[in-house]
Amino acid sequence: DAGVTQSPTHLIKTRGQQVTLRCSPKSGHDTVSWYQQALGQGPQFIFQYYEEEERQRGNFPDRFSGHQFPNYSSELNVNALLLGDSALYLCASSLVQPTEAFFGQGTRLTVV
Amino acid sequence: GIQVEQSPPDLILQEGANSTLRCNFSDSVNNLQWFHQNPWGQLINLFYIPSGTKQNGRLSATTVATERYSLLYISSSQTTDSGVYFCAADNDYKLSFGAGTTVTVRA
């Protein structure tokens, strides 16, 4: 049983560029959440997708957007990258009701 | 959203020692999880424990939901236990994480 998979694992982008990160949930899961983890801090919730719609959103600007596909996989898009967007981006999957969440290995984004 | 506080922020142990990590949360929860983050950044699930007590090998956890805290016990610590331990709580479909406890186990 494949767990949560994310791609790519590492990425370097220039300020002002746009980036797309991808996540495939654990088999049987229908809900995908994205988190940003800055160095030395705990992960911060960005948003959650269920039934192809954004169900919850954290305190992140509109430059952060997402999408969920019919197969439950998800993308995180960040526009107009800033140096402060450099972080580890984590994807988590779960079932829709409050249940155990499982995380992917993350995508480490560096903005230069 | 729910506030999560972890203590202590740092813990240094001699191999073989026991330790307790604490997680306080500000509201009732639907989900409470403990994670160990490996050096490559992946969050490894340790316990899903919104209430009660669970054990897995040398690790165990207890959540007292009515008093809004959870404890993670590490017994007979090994160097491989080193890393950052996170507690995360959920009461509105999103996990709120504490700042973590960095555990260093010395041989």
Side-chain angles (χ1 to χ4, degrees), chain A residues 1 3-11 21 23 26 29-51 53-60 66 86-110, chain B residues 1-10 21-52 54 56 61 63 65 70 72 83-103:
Chain A
D1 173 28
V4 182
T5 58
Q6 293 185 241
S7 63
T9 54
H10 294 83
L11 204 51
L21 310 183
C23 173
K26 184 177 170 68
H29 285 181
D30 55 10
T31 302
V32 173
S33 303
W34 288 92
Y35 294 79
Q36 180 196 66
Q37 186 178 18
L39 200 61
Q41 299 181 20
Q44 298 292 316
F45 175 78
I46 303 175
F47 43 53
Q48 183 182 86
Y49 277 84
Y50 170 67
E51 291 189 337
E53 292 194 358
E54 183 182 290
R55 186 166 73 153
Q56 274 269 10
R57 188 178 183 92
N59 188 24
F60 280 80
S86 295
L88 178 67
Y89 289 85
L90 294 163
C91 168
S93 77
S94 64
L95 294 172
V96 63
Q97 67 271 27
T99 57
E100 188 174 10
F102 292 83
F103 284 77
Q105 81 280 16
T107 294
R108 196 166 297 277
L109 173 66
T110 303
Chain B
I2 193 168
Q3 304 300 312
V4 178
E5 293 184 355
Q6 292 186 243
S7 60
D10 299 280
L21 283 60
R22 186 177 179 102
C23 171
N24 293 331
F25 42 94
S26 62
D27 204 346
S28 59
V29 296
N30 297 317
N31 176 7
L32 191 292
Q33 291 187 241
W34 283 95
F35 299 92
H36 180 202
Q37 190 163 41
N38 69 21
W40 298 272
Q42 179 149 19
L43 289 169
I44 308 299
N45 288 39
L46 297 178
F47 294 100
Y48 168 67
I49 188 166
S51 64
K54 291 186 177 180
N56 185 4
T63 297
S70 184
L72 177 69
V84 183
Y85 290 78
F86 286 105
C87 166
D90 165 9
N91 69 350
D92 59 356
Y93 305 109
K94 62 177 185 281
L95 283 172
S96 296
F97 282 77
T101 293
T102 301
V103 174

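Owing to the predicted nature of the structure, the values given are computational and were not obtained by experimental measurement. Proteins come first, then strands; the chains are lettered A, B, ... in the order of their sequence lines, and each starts at number 1.
At least one donor-acceptor pair closer than 3.5 Å links the side chain of B:Gln33 to the backbone N or O of A:Ala101. Side chain of B:Tyr93 to main chain of A:Gln48: no donor-acceptor pair is present (N/O by atom type, distance under 3.5 Å, no hydrogens or angles).
Note: A:Leu88 CG to B:Gln42 CD = 10.0 Å, rounded to the nearest 0.5 Å. Atom CD of residue A:Gln37 and atom CG of residue B:Leu43 lie 6.5 Å apart, to the nearest 0.5 angstrom. Of the inter-residue distances, the one linking A:Gln105 atom CD with B:Ile44 atom CD1 reads 10.5 Å to the nearest 0.5 angstrom. Between atom CG of residue A:Leu90 and atom CZ of residue B:Phe35 there is a gap of 10.0 Å, rounded to the nearest 0.5 Å. Interatomic distance, A:Glu100 CD to B:Leu95 CG, rounded to the nearest 0.5 Å: 10.5 Å.
Contacts of A:Tyr35 with chain B are made by side-chain atoms alone, with heavy-atom separations under 4.5 Å and no backbone atom involved. In this structure, chain A has heavy atoms under 4.5 Å from both the backbone and the side chain of B:Asp92. For B:Gln37, the part lying near chain A is the side chain, with the backbone staying farther off; criterion is any non-hydrogen pair under 4.5 Å.
Between chain A and the residues B:Gly100, B:Ala88, B:Gly41, the most heavy-atom pairs under 4.5 angstrom are made by B:Gly41. Your options are B:Val84, B:Thr102, B:Asn45, B:Asp90, and the one with the most heavy-atom pairs under 4.5 Å with chain A is B:Asn45.
B:Phe86 and A:Gly42 get closest at one heavy-atom pair: CE2-CA, 3.5 Å.
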